[in-house]
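See below for the structure under consideration.
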Amino acid sequence: MSYKKILITRHGGSEVLQLSEAELPEPKDDEVRVRILATTVAFTDILIREGLYPGVPQTPFSPGYAIAGVVDKLGLGVSTLELGQRIVALTIVGGYSEFLCLPATELVLIPDAVDAVEAVCLVLQYVSAYQLLHRFAKVKPKERILIHGAAGGVGTALLELGK
């Protein structure tokens, strides 16, 4: 069975995005196959497409920094997830696709009350804000923080997580 994905074969503008078909991937041990419901088209995705983001694979590859989807198939050893559960993940690449295999440990469940499209919009912003607060600033309870330019997704997430 085949599936569709978007590839970039060279860096550049939106004209480098090409629809492609490939054989449906099978999850490896400790991975799950996700049927993607939504992905991001964020500024980071544009930087990746233009070749201005460090650490991405050589072309061709499928962009797509974050995804929301449904667990479609479990690899051997996966016991923490079930078929049909809705998840989000920070993929960095690969999200412009119908299916993607990812390590089960990198997936976060979407609560039933949250729409998948809304959930995927939060992944990059909240992971970024969390890392800024805890990994870099090492903010501790009861400390005060000053957030310059508390606008946009990351700024809003910093305000909420900082509270």
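Predicted model only: the values in this text are computed from it and were never measured. Computed from heavy atoms alone, side chains included, the values below leave out hydrogens, waters and symmetry copies.
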Identify each donor-acceptor pair in which a side-chain atom of residues 31-39 lies under 3.5 Å from a protein atom, sequence neighbours left out, and give them as a table.
from	atom 1	to	atom 2	distance (Å)
Glu31	OE1	Lys28	N	2.9
Arg33	NE	Asp72	OD2	2.6
Arg33	NH1	Pro25	O	2.9
Arg33	NH1	Glu26	OE2	3.4
Arg33	NH2	Asp72	OD2	2.8
Thr39	OG1	Ala66	O	2.9

query = Mind checking whether Leu90 and Leu133 sit in one hydrophobic cluster, side chains of I, L, V, M, F, W, Y counted as touching below 4.5 Å?
reply = no
query = Closest approach of Leu124 and Ala42, non-hydrogen atoms and distance?
reply = CD2-CB, 4.3 Å
Inter-residue atom distance Leu7.CG - Ser20.OG, 0.5 Å rounding = 4.5 Å
key: Heavy-atom pair with the smallest gap, counting every atom of Ala119 and Val88   = CB-CG1, 3.7 Å
inquiry  = Going by side-chain hydrogen bond (donor to acceptor under 3.5 Å, both in side chains), name the pairs with one or both residues in residues 91-116, residues two or more places apart or in two chains.
reply    = none
Cluster overlap Ile110 with Val123, hydrophobic side-chain contacts below 4.5 Å = yes
inquiry  = I need the Leu52 CG to Phe43 CZ distance, nearest 0.5 Å.
reply    = 8.5 Å
message = Just verifying a value: how many Å separate Leu132 CG and Leu161 CG, rounded to the nearest 0.5 Å?
response = 10.0 Å
request  = For residues Gln125 and Val154, report the shortest heavy-atom separation together with the two atoms involved.
outcome  = CG-N, 3.7 Å
ask   = Among pairs that include at least one residue of residues 132-155, which meet ring pair (Phe, Tyr, Trp, His ring centres under 6.0 Å), considering only residues two or more places apart or in two chains?
value = Tyr130-His134
ask   = Going by atom types alone, do Glu23 and Tyr3 pair a side-chain donor with an acceptor below 3.5 Å?
value = no
query = Leu122, Ile67: one ILVMFWY side-chain cluster at the under-4.5 Å cut-off?
reply = no
ask   = Val108, Val120: one ILVMFWY side-chain cluster at the under-4.5 Å cut-off?
value = no
task = Indicate the atoms forming the closest heavy-atom contact of Leu107 with Pro103, along with that distance.
result = CG-O, 3.7 Å
request  = Any chance you could measure Leu24, atom CG, to Cys101, atom SG, to the nearest 0.5 Å?
outcome  = 7.5 Å
inquiry  = Rounded at 0.5 Å granularity, tell me how far CD1 in Ile145 sits from CG in Leu158.
reply    = 6.5 Å
task = Report yes if the side chains of Thr9 and Thr59 come closer than 4.5 Å at any heavy-atom pair, otherwise no.
result = no
request  = To the nearest 0.5 angstrom, please state how far the CG atom of Asp30 sits from the CG atom of Leu102.
outcome  = 13.0 Å
message = Are Leu74 and Leu100 linked, directly or through intermediate hydrophobic residues, by side-chain heavy-atom contacts shorter than 4.5 Å (ILVMFWY only)?
response = yes
Minimal non-hydrogen separation, Val117 against Cys121, with atom names = O-SG, 3.2 Å
note = Between Val16 and Arg49 the two heavy atoms that sit nearest each other are CG2-CG, 3.8 Å
Note, Pro63 side chain near Leu17 side chain (heavy atom, < 4.5 Å) = yes
ask   = Hey, are the side chains of Gln85 and Val70 touching, using non-hydrogen atoms and a 4.5 Å cut-off?
value = no
inquiry  = Donor-acceptor pair, distance only, cut-off 3.5 Å: does the side chain of Arg86 make one with the backbone of Pro111?
reply    = yes
query = Do the side chains of Ile48 and Phe61 get nearer than 4.5 Å, heavy atoms only?
reply = yes
ask   = Do Glu21 and Ser2 have side-chain N/O donor and acceptor atoms under 3.5 Å apart?
value = yes
ask   = Is there a donor-acceptor pair closer than 3.5 Å between any side-chain N or O of Glu143 and the backbone N or O of Lys140?
value = yes
query = Less than 4.5 Å apart, any side-chain heavy atom of Lys5 and any of Phe99?
reply = no
